[in-house]
Enquirer: 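Below: one structure in structure tokens.
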Amino acid sequence: MLAAVRIENLTLRYPSGTVAVAGLSLDVRPGEIFGLLGLNGAGKSSLIKAIASLLRPSTGQVRIFGLDTRTDAAAVKQRIGVVSQENNLDAALNVRHNLLFRCRYAGIPGHVASQRVKRWLSLLGLEDKAEESVLHLSGGCKRKVMLAKAFVTEPEILVLDEPSAGLDPGARELLWEQVRIFRAAGNTVFLSTHYLEEAEALCDRIGILHHGRLVSMLAGDQGCSFAPGMAAATFRAVTGQADTDEAS
Amino acid sequence: MRFVLALLYRNLVVGRASAQLTLIRVVFQPATYLFVFGHVVGRVIPLAGQNGYGAVIAPGIIAMATVGAPFVSIGGQVLSGYFFRTLEEWLLAPVSLRTLLVAMLLGGVCSGVINSLVVVILAWLILDLTPSDPAFLLLAVVAGAFLFSLVSLVVLLLPQRPDRGREVFSFLMMLMTFFGCTFYSYAMLEPPFSYFALLLPTTYISEGLRAAYAPGQPHLNADAALAGLILIAIVLLPYADWVFRRRLGNFSW
């Protein structure tokens, strides 16, 4: 079966010489929720950027449904929805336009885009903020808009970099529900998170990234659920840290 | 193509959202220049011809719009892209880097052409000046706006941080405005300044526009001015493409 995400011997080296990811290989199956855990600076965001075609591999390659992120970047981006760790909303636009233009950039016709935007604004409780500049939103609301942007183009793979950071418990629950619905439709999710309970609750498999290397891979019972605390115990064992925030 | 149009439309929406500032920049600022240099300063600078100094300065003020507007358009995108990470949003769009480059350049060209045509209308209203060769004027404006869209991209994306590029552009603009025949025609210059002016692209835009307004008045050869603009743009295009790919192909901002 063609992997949804195939990472082969990937190394990401910044111009400063910092090696963010070193010789990483990994396959994510279609329909799987794959979680990446790691301390700050472990290389999670760099890996996410490489999957999203924002960073070029120094060596190795990343393939999305067989498409090389280096040579087929446009086709890759057509199939993925990305939530970056940092806010990348268009600060000159309001909430509705941020979502509408996301659709327009992806070539979605105007009337379809309007319907989808309306649906996601309603789903995330952002209807009353639709005409507000994104500059005036709270951190949590900005995060919701970023999530809506990732979903609104109806991609086949969601690439989420700490998606629930800054969300209140209700919004986090809503996110988890949407991720599960997304997967139930046969789609794939690749997410990095700081929250061990989020990884355990959502993911089929969890990879632990440490100093740019994949040091452990955990699979849930029958590929679908983890015993509570399993990921935490393994994380402690391989990183020597009690939780993902300790090194920050 | 859809992405290019979407980004142009986005620029329009952003411009409309800040309509007052846009109006000041596009209309009131050049109108003030035209009035002051055409009617106030023009009276104390005796020059032959129907419109005196106004006929010399108006093409220069149009040229300033031609070179300044692309920088406002592209600079706004790059600076907001850097400080608010909006560039990441565009880089995540399912298009090639070259399409993004084309969209940004086209945005710069459109902005330059529209702003320049507004000043052309203002020059007609304030100084009663109309171009003798409107087609050549349009050609010079398009070529100039394209060239300065390339310059804007290079200057903003070459340094590690685009805000440093903004400082460099301000300096270059000052140099090119004062030495590049915007406030006077090339024919008024004597060596060594006339030689130096030939190195500055604003000279070719201003002189091209002077040729379009008053072919009978002394100015740099119109064909030479246009050829100069196109030549500089051809030389700069691959370099701008390289700078764009180098900075955004591996997006580490």
Side-chain angles (χ1 to χ4, degrees), chain A residues 12-16 18 20 45-46 49-50 52-58 70-94 96-98 100-110 113 131 133-135 142 146 149-150 153 155 159 161, chain B residues 1-19 21-22 72-104 107 111 158-161 244-253:
Chain A
L12 296 171
R13 186 179 293 108
Y14 285 101
S16 61
T18 305
S45 293
S46 297
K49 283 183 179 175
S53 308
L54 292 174
L55 278 183
R56 280 196 216 114
S58 307
R70 201 197 301 241
T71 54
D72 306 306
V76 165
K77 289 183 278 186
Q78 189 75 55
R79 302 179 81 162
I80 63 173
V82 181
V83 174
S84 299
Q85 188 177 14
E86 290 177 75
N87 170 20
N88 62 3
L89 298 172
D90 192 334
L93 299 174
N94 65 26
R96 184 191 305 282
H97 280 136
N98 259 279
L100 271 176
F101 277 105
R102 180 75 215 150
C103 292
R104 292 284 184 99
Y105 297 152
I108 296 167
E131 306 308 323
S133 162
V134 293
L135 281 176
K142 283 179 186 163
M146 288 173 69
K149 266 174 53 180
T153 55
V159 182
D161 195 358
Chain B
M1 191 61 193
R2 277 184 180 177
F3 175 80
V4 174
L5 292 176
L7 200 59
L8 289 177
Y9 182 47
R10 177 256 175 210
N11 291 349
L12 204 65
V13 169
V14 172
R16 199 175 55 193
S18 52
L21 284 176
T22 307
V72 172
S73 169
I74 291 173
Q77 289 177 334
V78 173
L79 289 164
S80 136
Y82 177 74
F83 289 109
F84 296 108
R85 303 196 64 76
T86 316
L87 267 172
E88 193 173 278
E89 155 77 350
W90 298 324
L91 289 169
L92 286 171
V95 293
S96 65
L97 263 184
R98 187 149 287 156
T99 305
L100 179 59
L101 172 65
V102 168
M104 289 177 80
S111 176
L158 195 58
Q160 189 61 38
R161 296 164 50 117
F244 193 79
R245 287 170 175 281
R246 174 177 163 267
R247 182 64 65 206
L248 304 183
N250 219 9
F251 190 61
S252 55
W253 273 352

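Every chain is numbered from 1, with letters handed out A, B, ... down the list of sequences. Every heavy atom of this structure was used, including side-chain atoms; hydrogens, water molecules and symmetry mates were not. Values in this document were obtained by computation on a predicted structure and should not be read as measured data.
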Enquirer: With only heavy atoms counted, which part of Ala73(A) is less than 4.5 Å from chain B, the side chain, the backbone, both or neither?
Expert: neither
Enquirer: Measure the shortest side-chain to side-chain distance between Leu89(A) and Met146(A) over non-hydrogen atoms and say whether it is less than 4.5 angstrom.
Expert: yes
Enquirer: Arg79(A), Lys149(A), Arg70(A): which one forms the most heavy-atom pairs within less than 4.5 Å of chain B?
Expert: Lys149(A)
Enquirer: Working to the nearest 0.5 Å, report the span between CZ of Arg13(A) and CZ of Arg56(A).
Expert: 15.0 Å
Enquirer: Counting only heavy atoms closer than 4.5 Å, note whether Asp90(A) contacts chain B via side chain, backbone, both or neither.
Expert: both
Enquirer: Under a 3.5 Å distance rule, please check whether Arg104(A) uses its side chain to pair with a backbone N or O of Pro109(A) as donor and acceptor.
Expert: no
Enquirer: For residues Leu97(B) and Leu248(B), determine if any side-chain heavy atom of one lies less than 4.5 Å from a side-chain heavy atom of the other.
Expert: yes
Enquirer: Shorter than 4.5 Å, heavy atoms on both sides: which option in Ser53(A), Ala52(A), Ser84(A) has the most such pairs with chain B?
Expert: Ser84(A)
Enquirer: Would a distance-only check, ignoring hydrogens and angles, find a side-chain to backbone donor-acceptor pair under 3.5 Å from Ser96(B) to Thr99(B)?
Expert: yes
Enquirer: In terms of heavy-atom proximity below 4.5 Å to chain B, should Leu54(A) be classed as side chain, backbone, both, or neither?
Expert: both
Enquirer: Do Glu86(A) and Glu88(B) come close enough that some side-chain heavy atom pair is under 4.5 Å?
Expert: no
Enquirer: Side chain, backbone, both or neither: which part of Phe83(B) has an atom under 4.5 Å from a heavy atom of chain A?
Expert: neither
Enquirer: Quick one: which of Leu91(B), Leu92(B), Val14(B), Leu87(B) has the most heavy-atom pairs under 4.5 Å with chain A, could you say?
Expert: Leu92(B)
Enquirer: Side chain from CB out, backbone as N, CA, C, O: work out which of these in Leu135(A) comes under 4.5 Å of a heavy atom of chain B, or both, or neither.
Expert: side chain
Enquirer: Please look at Arg102(A) and chain B and tell me whether the side chain, the backbone, both or neither of the residue comes under 4.5 angstrom of a heavy atom of that chain.
Expert: both
Enquirer: At a 4.5 Å cut-off on heavy atoms, which part of Leu7(B) comes close to chain A: side chain, backbone, both, or neither?
Expert: both
Enquirer: Please determine, among Thr153(A), Asn98(A), Leu93(A), Leu100(A), the option with the most heavy-atom pairs under 4.5 Å with chain B.
Expert: Leu93(A)
Enquirer: Report yes or no: does Asp72(A) contribute a side-chain atom to a donor-acceptor pair with the main-chain N or O of Ala75(A) at less than 3.5 Å?
Expert: no
Enquirer: Quick check: does any side chain N or O of Thr22(B) sit under 3.5 Å from a backbone N or O of Gly15(B), one acting as donor and the other as acceptor?
Expert: yes
